[in-house]
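Below is one structure; the comments refer to it alone.
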Amino acid sequence: MFSGIDEVDWASMEHAYGPADDVPELLRGLASDDPAEREAALDGMYGAVHHQGDVYACTLACIPFLFELAVDPGVQDRGSVVELLTSIGGFDLDEDDEAEIDEDEIEGAANYAMAAAAVTAGAGVFFELIADEDPGVRLAAPLALATLHRHPVRVLALLRERLPVEPDEEVRLALVEAAGRVALRHRPLAGRVAEWLGRLASRAHSPGLRLAALAQLARCSPDGLPGDVVPVVSGLLREMRSPPEESAPEGDEPVDPDAEPADPEPVAAAETCRGEQVATPTLVGQLRSLSAQENAGRGAPWAADLLRTLHVGLDDRVGDRTALLADQLRSPDRRQRIDAVRMSGGLIRAWRGPYEELVALVGGQLSDPEPRLAEAASHVLEELFGLAAPAADALAARLADRPGDWVKSWPSGPPGLGSTVKALARLGDVRALPALAAALELPQVAHDVGFAVGHLGAAAQPLAGALRGRLAEVELDEGAYDRASPLLAGLTGLRAGEATPEVLRVLRGAPDYRGEWLRTAALRALGSFGPAAREAVPELRALIRRPGTASATEAAEALWAISGDADAVLPVLIEGLQSHHVHDRRAAAMALGALGTRAAVVAPRLRGLLAHEELWLRVDAAIALWEVSGRSRETVEALLAGWERSRHVRVRVAECVARMGPVPEGSAAAHVLRSELASVRRHNAMDGGYGSHDIHEDEKLLALCRQALRGTGKGTTA
């Protein structure tokens, strides 16, 4: 094995962490008899040689040796090697990708292409591995074939032939998943695959196999799903929870890929597919350990993945998905409910719909004694803001029952509020007040307590004294920003003008380290106080004497809010509008808009910014132009152009359009707003990522669209 490995000039190559001269050792480690050494070698391959999916010259040089490992029956954990080869060779570079490649990316793109060609050229070995004695190899081989082999018809035939004789349940599911992958990669075969999957889903196979067939059918041909897919899937989940019943033998029937016999006796996947498990400090080892903990005691650890695949395939069928999750949340199986809670969060995060019943069921999990279930539910509810209302009483009950969870401490960084506290506060529910008051008494204030106070608004007024007292105690050293910013945020949300002396102390004594951030937070607090902060006027007048700087713009904005002295702040904001920094120009534009017609003189300058290359500046300038001139036609045109250009500006645009209202029926603005309201997909939904405020922002957008169409604003978009 490894003939010629020492003849490769590894030292001349690099991987993610420098010279690749350690790659031969990693390859040999994959063949070791020591499970820990194999695990460490695999971790090194993913961490350096194939870092985050990248392909380097050394990655290409590894491919022949990885194939040697994959086919050698004396090597253990070969399934992991097959998975690694699949990852290295499975990158698809389509025409759209090729058009976007710049000169700096040409070499990387060429490496991907060469890796795909090299692994695909050797993919024929996976035909033999699909019947390997090692179930871990059999588990990895189907997807490798579906992803890499050039002849999908042959692959599909092999998958169908193998299914009736494969004894391992998890491998059987992998065969079905691979068929779905074939259909997705080779669309002309989708009909053939869908027909087969439909037969698998409707016949007397194990519930896991039928669920896998439905999940893949949803991915590759959702129109082929049965009309009663929700009760069918719910029934399969109930079967999977029930102990298997003994059944009479089926009799001697011929093996026919289109009419398969009864399922072989399933073999426990955890015992067969992954071989000997060891605890290692590697990333791969930690991930496997977490997975093992998550799946401990599960009769069907793969069920959650099948359901997630099914949900992805159901896509915008929110009603079906909601009904399915509601059924799961009523399951006596806690693990199914944990999965359902997490998937409920994913559904609500990406799609709009009536979720009252689902949210109430998620809230019902808060009282469960299983800590993972209750914790998962509280984290989902935390992200829902107003949509969490059906679970408000459940949140309040958990809050009262578990004061130890009000504030969470971490090994590094400041403490933070527990998810139950944040969820209740984001509802504006006063029952969160005791937890927030307790958080303000701790030696170190939770970093997010101020935002929670802001969501409660006037209801949190009893906390003003504690916020003010803690701010007065903050030492103005290098840690001042971390200690003071939560308190300033809370006072800003309360508009607590009585705290002006304490805020001024912070403003005057801000240290060099993060001092600019701290001054910004203090100025925003003073501005929110309005006329109640008139004691700060002399300080603010001194700060605006450096026009063109960010601090001058922020001080001018606060001065206007407190004194209404347009003559003093207008020259400062006009200067800020000419800053070299886009962020500062945006701040100046927004501040000028707050002056209204008192700043009408800047209308030509704002109009000139409507053609600026920076989208956010164009949007802010358009809004300010309407605010200072009262003319909406050119503003609406610029705003709608921004709306179409980027979903990220839509809330800001809708805020302005709603204030303009009423939107004329039949206008371009009305069409855009109605189209947004008709969309089931959330405007900010992302594949593979999300933000903690995504649901809140999208619900805010919907409310603004409705407000604009109702015409409750003060102006007109005509």
- Message: Using the rule side-chain hydrogen bond (donor to acceptor under 3.5 Å, both in side chains), only one of Glu370, Glu375, Arg337 pairs with Gln365; which is it?
- Response: Arg337
- Short side-chain to backbone donor-acceptor contact, Arg541 and Pro538, under 3.5 Å: no
- Does NZ or CZ of Arg681 fall inside the cone over Trp351's six-membered ring, less than 6.0 Å from its centre and within 45° of the axis? yes
- Message: Does Gln578 have more than 12 heavy atoms from other residues, nucleotides or ligands lying within 6.0 Å of its CD?
- Response: yes
- Rounded to the nearest 0.5 Å, how far apart are CZ of Arg514 and CG of Asp482? 4.5 Å
- Item | Cys656 and Trp626, any side-chain heavy atoms less than 4.5 Å apart | yes
- For Trp616, look at atom CH2 and say whether over 12 heavy atoms of other residues, nucleotides or ligands are found less than 6.0 Å away. yes
- Message: Please determine whether a side-chain nitrogen of the Lys or Arg among Arg352 and Glu676 lies less than 4.0 Å from a carboxylate oxygen of the Asp or Glu.
- Response: yes
- Item | Straight-line distance of Arg321 CZ to Leu347 CG, nearest 0.5 Å | 4.5 Å
- Message: How close do Gly642 and Leu615 get, counting heavy atoms only, and between which atoms?
- Response: CA-CD1, 3.7 Å
- Taking Arg524 for its side chain and Leu488 for its backbone only, find out whether a donor-acceptor pair lies under 3.5 Å. no
- Task: Any chance you could measure Arg372, atom CZ, to Ile338, atom CD1, to the nearest 0.5 Å?
- Result: 4.5 Å
- Task: State plainly whether the residues Glu473 and Arg483 are in salt-bridge range, i.e. N to O under 4.0 Å.
- Result: no
- Item | Salt-bridge contact Arg659-Glu627 (side-chain N to carboxylate O under 4.0 Å) | yes
- Message: Strictly distance-based, threshold 3.5 Å: is any side-chain N or O of Asp448 a donor or acceptor partner for the main-chain N or O of Leu417?
- Response: yes
- Item | Thr420 side chain near Leu381 side chain, heavy-atom distance below 4.5 Å | no
- Query: Is Glu697 salt-bridged to Arg652, going by a charged N under 4.0 Å from an acidic O?
  - Reply: no
Tell me which donor-acceptor pairs under 3.5 Å the side chains of residues 585-595 have, and how far apart each pair is, sequence neighbours excluded?
{"from": "Arg585", "atom 1": "NE", "to": "Leu577", "atom 2": "O", "distance (Å)": "2.9"}
{"from": "Arg586", "atom 1": "NE", "to": "Asp620", "atom 2": "OD2", "distance (Å)": "2.4"}
{"from": "Arg586", "atom 1": "NH2", "to": "Asp620", "atom 2": "OD2", "distance (Å)": "3.0"}

- Looking at Arg349 and Glu383, does any basic side-chain N land under 4.0 Å from a carboxylate oxygen? yes
- Message: Counting only heavy atoms from other residues, nucleotides and ligands, does the tally under 6.0 Å from NE2 of His583 exceed 12?
- Response: no
- Glu613/Arg618 ion pair, N-O < 4.0 Å: no
- Query: Does any non-hydrogen side-chain atom of Asp565 lie less than 4.5 Å from one of Val537?
  - Reply: no
Atom pairs and distances, donor-acceptor, side-chain atoms in residues 396-407, under 3.5 Å, two or more places apart:
{"from": "Arg398", "atom 1": "NH1", "to": "Leu366", "atom 2": "O", "distance (Å)": "3.1"}
{"from": "Arg402", "atom 1": "NE", "to": "Asp405", "atom 2": "OD2", "distance (Å)": "2.7"}
{"from": "Arg402", "atom 1": "NH2", "to": "Asp405", "atom 2": "OD2", "distance (Å)": "3.4"}
{"from": "Trp406", "atom 1": "NE1", "to": "Leu399", "atom 2": "O", "distance (Å)": "2.9"}

- Would you check if the side chain of Thr635 reaches a backbone N or O of Ala622 as a donor-acceptor pair within less than 3.5 Å? yes
- Among Arg519, Glu516, Arg546, side-chain hydrogen bond (donor to acceptor under 3.5 Å, both in side chains) partner for Ser551: Arg546
- Item | Min side-chain heavy-atom separation His612-Val582 under 4.5 Å | yes
